[in-house]
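Following: one structure in structure tokens, then a few remarks.
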Protein chains: 2
Amino acid sequence: MDNPAILTAEVPSTADRILNAAEDIFAEKGYSATSLGDVADRVGIRSPSLYNHFKNKEALYEAVLERLLQDFSAPLVELDSGPVTNERVFRWLETIVRQHHANPNLARLLQHAALSGGPHTNELIDRLFRPMFQPDARIEGENFTLFQNTGLQPWAVMAFNNLVMSYVTMAPMYRDLLGQDPFSEVALENQLNLIKMLLRAVFDYKGEPAQAS
Amino acid sequence: MDNPAILTAEVPSTADRILNAAEDIFAEKGYSATSLGDVADRVGIRSPSLYNHFKNKEALYEAVLERLLQDFSAPLVELDSGPVTNERVFRWLETIVRQHHANPNLARLLQHAALSGGPHTNELIDRLFRPMFQPDARIEGENFTLFQNTGLQPWAVMAFNNLVMSYVTMAPMYRDLLGQDPFSEVALENQLNLIKMLLRAVFDYKGEPAQAS
DNA sequence: GGGGGCAATGTGAATAATCGCGCCTCCGAA
DNA sequence: TTCGGAGGCGCGATTATTCACATTGCCCCC
């Protein structure tokens with residue numbers, strides 16, 4: 001969909017087909033458990049032929065990451081391009097959710113990296129998460145600043161990241177439990193409704209009410 | 001803590017030490033990427049010695065899962081032992097969160113299984129999640145039944161599961177971003193506060209207000 | 001009490017499969 | 001004719017697993 005080779009030719013280049021196959025398999029098995037033989041099999045070539053297009057396994061992994069990061073960091077720079085209002089946060093979150101539904105591979109790769117490490121993990125953290133954890137001076141809205149002062153803000157950032165990412169990485173299990181495709185259109189709408197409702201609760205946060213337990 | 005060998009002797013048996021080491025490494029790398037040599041190294045023995053205690057790699061994995069499932073399914077059967085009131089859901093969720101903080105390995109193993117599969121994955125789903133997705137006749141509270149009728153209930157179940165599990169599985173990345181231990185006592189309290197606030201929002205749900213986007 | 005068996009538990013060596021990766025050949029299109 | 005790219009071959013490392021063997025502690029019987 002954002003593959004430049006598709007724009008110029010009907011058939012993607014071998015390098016792009018390798019990238020597509022590698023992205024899927026890296027996302028499923030993680031870096032170390034992915035074998036280049038599996039990647040080559042899916043492309044339809046032999047594994048030594050991969051070395052005509054990528055220096056080695058790590059370079060292939062790096063190329064996969066780079067292509068994903070290009071796509072997924074776009075909404076964040078868009079959000080940073082103006083004042084952080086409630087409404088713009090709503091739209092940003094919805095964009096993120098739709099993006100992860102369209103391509104679950106980044107979340108899966110990220111989850112593998114968080115669990116097992118692997119090359120370029122620190123770069124992943126910096127480019128995807130670091131901006132969200134730095135205190136942003138352009139945040140507006142009284143409720144939001146109140147929330148910020150409670151010290152709960154980073155935990156809210158983590159919470160919504162968890163909501164989005166874990167839905168994707170746990171999707172294979174949820175498929176069995178729901179009895180329907182977790183990436184279908186109706187599933188996406190349901191998840192969006194629930195996330196928006198929870199986000200409203202954060203925006204409407206007025207401090208700590210009486211404990212329930 | 002629930003190790004029977006500790007009750008009778010000060011030093012755990014070799015089988016238990018193997019289980020402990022295997023649990024950590026399986027949780028970090030997943031089933032297929034875990035090498036028995038690594039497990040043996042951590043125990044301080046050679047890998048063929050593992051076969052004196054477990055039939056093969058899969059049996060060791062199964063034993064690790066079984067021990068974890070014993071611990072983690074306890075709160076769920078406790079919740080099922082009576083009417084599902086708001087307050088009892090609060091307490092159950094808090095217990096679950098504290099349990100995952102005390103031992104993050106189940107969440108990590110589960111995440112690996114969801115991403116990459118592995119032996120006994122279906123059994124994991126059945127024993128940990130299936131009960132939460134079946135409509136429960138003992139649910140009480142008007143808000144809750146209203147919520148149930150919207151069809152959003154399974155999505156709420158998934159959402160809170162995502163909140164708890166992803167916090168644990170993403171913890172290595174959050175450690176860098178927070179600048180503090182995600183499993184410290186204060187971190188636990190912060191996460192609990194935020195989850196309780198979101199759970200209150202679900203309980204207070206009165207239907208769909210005007211869209212924000 | 002002493003010794004003979006025996007089960008439990010460790011080890012090194014060996015095996016077959018798989019892995020990443022480099023070398024070299026060959027083919028087909030420009 | 002040239003050259004990018006695919007494949008065949010194979011090296012060295014790692015994997016799970018098996019096997020023969022050494023050692024230890026314990027029980028039982030003489």
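So you know, we letter chains A, B, ... as the sequences are listed, proteins then strands, and number each from 1.
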Looking only at dG12(C), dA16(D), dG10(C), the nucleotide nearest the P48(B) side chain is dG12(C)
If you draw the axis of the six-membered ring of Y31(A), does the NZ or CZ of K57(A) fall within 45° of it and under 6.0 Å from the ring centre? yes
R46(A) CZ to dG10(D) P, in whole Å, measures 17 Å
Which of dG5(D), dT11(C), dA16(D) is nearest the side chain of L36(B)? It is dA16(D)
To the nearest angstrom, the NZ-P distance between K55(B) and dT18(D) comes to 8 Å
Taken to the nearest whole Å, CG/D41(B) to P/dT14(D) is 12 Å
Rounded to whole Å, the CG-P distance (N56(A) to dC19(C)) equals 17 Å
With respect to the phosphate group of dA6(D), does any side-chain polar atom (N or O) of H53(A) fall under 4.0 Å of OP1 or OP2?
-> yes
TODO: Ignoring hydrogens and angles, answer whether the base of dA8(C) and the side-chain atoms of N52(B) contain a donor-acceptor pair closer than 3.5 Å.
DONE: no
With the side chain defined as heavy atoms from C-beta on, Y51(A) is closest, among dG20(C), dA16(D), dG10(C), to dG20(C)
message = Applying a 4.0 Å non-hydrogen cut-off, can you work out what S35(A) is touching in the nucleic acid: base, sugar-phosphate, or nothing?
response = sugar-phosphate
Here the distance between atom P of dT15(D) and atom NZ of K29(B), to the nearest Å, is 8 Å
Winner on side-chain proximity to S49(B), out of dA16(D), dG10(C), dC21(C), is dG10(C)
Taking the side chain as C-beta and beyond, is there a heavy-atom pair between P75(A) and Q99(A) under 4.5 Å? yes
Quick check: do M158(B) and Q191(A) have side-chain heavy atoms less than 4.5 Å from each other?
no
(message) For N86(A) and R200(A), which I'm curious about, is there any donor-acceptor pair between the side chains at under 3.5 Å?
(response) no
Which part of the nucleic acid does T34(B) contact within heavy-atom distance under 4.0 Å: base, sugar-phosphate only, or nothing?
sugar-phosphate
query: Does OP1 or OP2 of dT15(D) have a side-chain N or O of S47(B) closer than 4.0 Å?
result: no
